[in-house]
There are 2 protein chains.
Amino acid sequence: MTMEIEPNLLADVGRRLRALRADQDLTLEQLARLTGISAPALSLIETGKRDARLTTLAKIAAALRVPVMALLADHADDASTGDDAPAEGYDLGDYL
Amino acid sequence: MTMEIEPNLLADVGRRLRALRADQDLTLEQLARLTGISAPALSLIETGKRDARLTTLAKIAAALRVPVMALLADHADDASTGDDAPAEGYDLGDYL
DNA sequence: AGCTGGTTTATCTTTCTCGGTAAAATAGTG
DNA sequence: CACTATTTTACCGAGAAAGATAAACCAGCT
């Protein structure tokens with residue numbers, strides 16, 4: 001029960017990342033050189049197995065010449081739509 | 001020459017984070033309870049001193065009921081606007 | 001001044017990222 | 001089938017994130 005917010009997030013960002021890289025016909029090694037991030041690390045991120053740091057995502061986004069938010073795109077969880085926590089539900093009111 | 005992409009990124013996200021939290025009149029401790037992230041950790045993130053992981057930002061965004069991209073908002077670097085790297089310029093062509 | 005609430009800083013431990021390297025998979029091609 | 005390119009997985013070591021806690025600041029207020 002380590003609690004992973006949404007296992008989709010990482011996989012989602014990874015998917016998007018891979019798509020963007022494919023668009024520019026870059027291999028992991030090429031992107032690795034561009035970003036300074038090793039190809040294995042990039043692979044883990046793209047496959048949603050690694051929880052990258054913000055600056056790491058920023059480096060990748062910069063190399064791909066897209067804004068960082070392009071990686072998160074329309075991940076409009078907004079929490080009120082009820083995407084997660086069916087039984088969790090923080091309530092705000094409970095803490096105020 | 002470890003090169004920190006843009007020292008602004010973290011400070012920027014932190015600033016945005018703090019604004020969102022203020023909007024809901026939440027203290028660091030309250031947000032800490034909501035997110036499961038300790039108040040000191042939140043403080044470091046908000047002051048731009050910590051390079052948070054993606055899921056960490058996602059937890060905070062969820063607690064604040066905003067999409068994750070709201071934290072990165074209009075950080076449209078896009079590299080063509082020329083916000084950063086005056087002397088960096090990876091060239092893509094060099095690696096292809 | 002003393003207090004109180006909020007934020008920051010510091011220290012410590014655990015966990016994880018990240019680069020490096022090397023070894024397996026997984027294509028794709030002759 | 002062999003050969004090559006690309007990706008994935010596995011291990012290692014260094015560094016950093018994140019939780020906990022405690023202490024230091026910094027308001028505001030009686």
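Each chain gets a letter, A, B and so on, in the order the sequences are listed, and its residues count up from 1.
- The residue Leu44(B) sits apart from the nucleic acid: no heavy atom pair falls under 4.0 Å.
- Taking every side-chain heavy atom of Ala41(B) into account, dA18(D) is the closest of dT21(C), dA18(D), dC18(C).
- Ile37(B) places its CD1 atom 8 Å from the C1' atom of dA18(D), with the value rounded to the nearest Å.
- Here the side chain of Arg18(B) is nearest to one of dT7(C), dT9(D), dA18(D), namely dT7(C).
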Does the side-chain contact (heavy atoms from CB on, under 4.5 Å) test come out yes or no for Leu9(B) and Leu72(B), once each step is laid out? CA-CA 8 Å; Leu9(B) 218 199; Leu72(B) 286 302; 4.1 Å; yes

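- Residue Lys49(B) has no polar side-chain atom (N or O) positioned under 4.0 Å from OP1 or OP2 of dT8(C).
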Evaluate the side-chain contact (heavy atoms from CB on, under 4.5 Å) criterion for residues Leu64(A) and Leu17(A): first the C-alpha distance (whole Å), next the side-chain angles of each, then the deciding distance (0.1 Å), finally the verdict. CA-CA 9 Å; Leu64(A) 293 175; Leu17(A) 223 38; 4.2 Å; yes

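- Rounded to an integer number of Å, the gap from CD1 of Ile60(B) to C1' of dA17(D) is 12 Å.
- Computed from coordinates, the Leu54(A) CG to dT17(C) P distance equals 15 Å when rounded to whole Å.
- Between dA18(D) and Thr56(B), a contact under 4.0 Å exists linking OP1 or OP2 to a side-chain N or O.
- In this structure, Glu29(B) places its CD atom 13 Å from P of dT8(C), rounding to the nearest Å.
- Side-chain proximity of Thr27(A) to dA10(D), dT7(D), dT17(C): nearest is dT7(D).
- For Arg50(A), taking side-chain heavy atoms from C-beta onward, the closest of the listed nucleotides dG19(D), dT7(C), dC18(C) is dC18(C).
- Taking hydrophobic clusters as Ile, Leu, Val, Met, Phe, Trp and Tyr residues chained together by side-chain heavy-atom distances below 4.5 Å, Leu54(B) does not share a cluster with Leu44(A).
- Formation of a donor-acceptor pair under 3.5 Å by the Asp51(A) side chain with backbone atoms of Arg53(B) is not found in this model.
- If you take NZ of Lys59(A) and P of dG19(C), they are 6 Å apart, rounded to a whole angstrom.
- The separation between Leu57(B) atom CG and dA17(D) atom P is 12 Å, rounded to whole Å.
- The Ile45(B) side chain lies nearest to dA18(D) when the options are dA16(D), dA18(D), dT9(C).
- With rounding to the nearest 0.5 Å, the separation of CE in Met69(A) from CG in Leu71(B) is 10.5 Å.
- In this model, the phosphate group of dT7(C) is not approached by any side-chain N or O of Thr47(B) to a distance below 4.0 Å at OP1 or OP2.
- Nearest nucleotide to the Leu28(B) side chain, out of dA20(D), dT8(C), dT9(C): dT8(C).
- When the C1' atom of dG15(D) is taken as reference, atom CZ of Arg53(A) falls 7 Å away, rounded to whole Å.
- Here the side chain of Ser43(A) is nearest to one of dA18(D), dT9(D), dG19(C), namely dT9(D).
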